[in-house]
Amino acid sequence: MSDWQQWVGREDRRSDRVEAGALTRWLATLDRAAGTDGAVPQGFHWCLALPDAPTAALGADGHPRRTDGVESFMPPVPLPRRMWASSQVEFLHPLHPGEAIARRSRIAAITAKQGGSGALVFVEIAHETHGDRGLAVRESQSIVFRDAAGPDAPLSPPPAGGGRFDPSEWDAHRTVEPSEALLFRYSALTFNSHRIHYDFPYAIAEERYRGLVVHGPLTATLLLDLAQRRFGDNALARFAFRGLSPAIASEPLHLVLRGGGDAIELGAFADDGRQVMQATATL
C-alpha cells in the first residue's frame, strides 16, 4: 500500500458566508434558541465552506471519489470505509451572521497502520477558518479509512448489554434520541451524503452497522450544546473529541459533562454504558 506522501501539504481553499437562513435551520435542527450574545454558536463552523463535488463524482459510499489526480484533495486510499475519528478545535473569535468566511485546509500527515480489524490509514487535516477579525477557528481533524467489512461480520456496535448508564458522577446530564429526521437534517446542513447516515440497507449490508449511524460531528455538536447550557454562549477556548463507538439513530444517547476551567471532561454514552465519544474542553 502506497504511503501517499505526495499528498502531504496539498491544500484546499474555500470561501463562504454565515447566512442567517442556514444558522436558523441549524438552530431548528438542534431544537435550540439563538444565543444571547448575537454570535454564531460553537459547532456551526462545521456547516461552512463545505466540499461541493457534483453528484456524478460521488463514490458508492456517497463521499467524493478519491483519485490520483490534482483535483482530489484526499489521497486515493483504496480502503472503502471512512470515519471522522477525532478533532482538536481552538475557538479564537466568535463568528457573526453575515460574516464572510475563508477556510484553508491542508493535508498535514498520512499514516498507515495495522489494527485489530485490518488495515487503517489515518489522514490528518489542518483547517483554518478566517472571518472578519482574522483567524476564528483552528482545527486538527483525523479521518480514518478502514478495510471493508465481510458479509458475515458482526454488526457494530453489538446489541445493548445488560448494563445501565449511571450519570451520578457527572455535573450535567442530558439524554437525547437522535432521530432519522435529525440525521437527515444534519446531513443536509453539512452537505454530507455518506450513506451510513440515511441509507438503512446500505449501512447494514455494506458497512455492517446495526442501524443508521449518528454523525461524529453531530454528537460533538450536541456536547458543545451541553457546554453552552452549562457555561454560556461561546464560552469554550478549546474542545477536543474522539469517537470510540458508533451511536445509532433512535437509541438513547447520554450527554454528560463535569469539571470547569481548564479541566472540563465531556462524554457521550449509549443507554447500556458503552462509551460513544470522549471529549475535553477548556474555558
Side-chain angles (χ1 to χ4, degrees), residues 29-31 60-63 79-87 113-122 142-170 172-187 190 192-226 241-258 265-279:
T29 297
L30 299 174
D31 293 314
D61 64 351
H63 278 297
L79 304 177
R81 292 191 294 164
R82 169 176 172 161
M83 182 180 70
W84 187 330
S86 65
S87 272
K113 297 182 179 181
Q114 192 69 25
S117 60
L120 302 170
V121 173
F122 291 86
S142 179
I143 301 292
V144 61
F145 295 94
R146 300 182 294 161
D147 268 332
D152 299 323
L155 295 176
S156 176
R164 187 75 176 176
F165 177 70
D166 179 8
S168 61
E169 296 183 355
W170 298 84
H173 172 228
R174 180 181 178 224
T175 303
V176 300
E177 292 187 10
S179 66
E180 290 87 348
L182 174 61
L183 270 60
F184 177 86
R185 283 182 156 198
Y186 194 78
S187 288
T190 55
N192 181 352
S193 47
H194 194 181
R195 291 169 65 183
I196 63 172
H197 304 306
Y198 64 88
D199 187 336
F200 188 79
Y202 172 88
I204 292 179
E206 297 297 327
E207 302 216 19
R208 300 302 290 164
Y209 289 111
R210 188 159 50 76
L212 296 179
V213 179
V214 181
H215 315 63
L218 174 55
T219 301
T221 296
L222 293 171
L223 290 176
L224 286 170
D225 178 68
L226 184 68
F241 71 86
R242 183 164 68 95
L244 301 177
S245 181
I248 300 299
S250 299
E251 296 184 359
L253 185 63
H254 297 270
L255 309 167
V256 289
L257 175 155
R258 61 189 170 197
E265 181 182 359
L266 305 98
F269 293 83
D271 211 28
D272 63 355
R274 171 178 55 86
Q275 189 162 11
V276 168
M277 180 173 286
Q278 64 178 194

Taking it one step at a time, do W84 and I143 satisfy side chain to side chain contact (heavy atoms under 4.5 Å, CB included)? CA-CA 5 Å; W84 187 330; I143 301 292; 4.2 Å; yes
Report task. Please tell me if the side chains of V276 and F269 come closer than 4.5 Å, counting only heavy atoms from C-beta onward. Result -> no
Side chains of L266 and L255: closer than 4.5 Å at any heavy-atom pair?
-> no
Could I get the full list of side chain to side chain contact (heavy atoms under 4.5 Å, CB included) partners for [X], not counting sequence neighbours?
| X | answer |
| --- | --- |
| R81 | R146, A149, E207 |
| F200 | I204, L212 |
| T29 | L182, R185, L189 |
| D199 | R195, P201, Y202 |

Original post:
For L183, does its backbone N or O pair with a side-chain atom of Y198 as donor and acceptor, under 3.5 Å?
Top reply: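 No, because the side chain of Y198 does not come within donor-acceptor range (under 3.5 Å) of the backbone of L183.
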Exercise for review: Measure from the side-chain N and O atoms of H197 to the backbone N and O of V213, and report whether any donor-acceptor pair falls under 3.5 Å.
Suggested key: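 Indeed, once roles are kept as given, a pair shorter than 3.5 Å links the two residues.
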Of all residues at least two apart in sequence or in a different chain, which pass the side chain to side chain donor-acceptor pair (under 3.5 Å) check with [X]?
| X | value |
| --- | --- |
| W170 | none |
| E177 | none |
| S142 | E124 |

* Can you list the residues that meet the ring pair (Phe, Tyr, Trp, His ring centres under 6.0 Å) rule with Y186, with sequence neighbours excluded? ->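 Partners of Y186 by the ring pair (Phe, Tyr, Trp, His ring centres under 6.0 Å) criterion, ordered by chain and then number, come out as H215.
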(request) List in chain and number order the residues that pass ring pair (Phe, Tyr, Trp, His ring centres under 6.0 Å) with H63, two or more places apart in sequence or in another chain; answer none if no residue qualifies. (result)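 So H63 forms a ring pair (Phe, Tyr, Trp, His ring centres under 6.0 Å) with H194.
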Taking all atoms of both residues into account, what is the closest heavy-atom pair of [X] and [Y], and its distance?
| X | Y | answer |
| --- | --- | --- |
| F145 | L79 | O-CD1, 3.4 Å |
| T219 | A268 | CG2-CB, 3.7 Å |
| V214 | P178 | CG2-CB, 3.8 Å |
| G211 | A203 | O-CB, 3.8 Å |
| A160 | D272 | CA-OD2, 3.3 Å |
| L222 | L253 | CD1-CD2, 4.5 Å |

Without placing hydrogens or testing angles, list every side-chain donor-acceptor pair under 3.5 Å for residues 244-252, not counting sequence neighbours.
| from | atom 1 | to | atom 2 | distance (Å) |
| --- | --- | --- | --- | --- |
| S245 | OG | R274 | NH1 | 2.7 |
| S250 | OG | E180 | OE1 | 3.1 |
| S250 | OG | E180 | OE2 | 3.4 |
| E251 | OE1 | R210 | NH2 | 3.4 |
| E251 | OE2 | R210 | NH1 | 2.5 |

Checking R174 now: which residues fulfil salt bridge (Lys or Arg N to Asp or Glu O under 4.0 Å) with it, not counting sequence neighbours?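 Expected list: D225.
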So CG of L223 and CG of L257: to nearest 0.5 Å the spacing works out to 8.5 Å
Taking everything shown except R242 itself, do over 12 heavy atoms lie less than 6.0 Å from its CZ?
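Atom CZ in R242 is not crowded, with 12 or fewer foreign heavy atoms closer than 6.0 Å.
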So for atom CZ, which belongs to F184, do other residues, nucleotides or ligands contribute more than 12 heavy atoms lying within a distance under 6.0 Å? no
field: Geometric class of the H173/F165 ring pair [parallel <30°, tilted 30-60°, perpendicular >60°]
entry: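 Answer is tilted, since the angle falls between 30° and 60°.
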Problem set entry | Listed once per pair and sorted, the side chain to side chain donor-acceptor pair (under 3.5 Å) pairs that draw on residues 153-169, sequence neighbours left out |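 Sorted result for residues 153-169: R164-D271, D166-S168.
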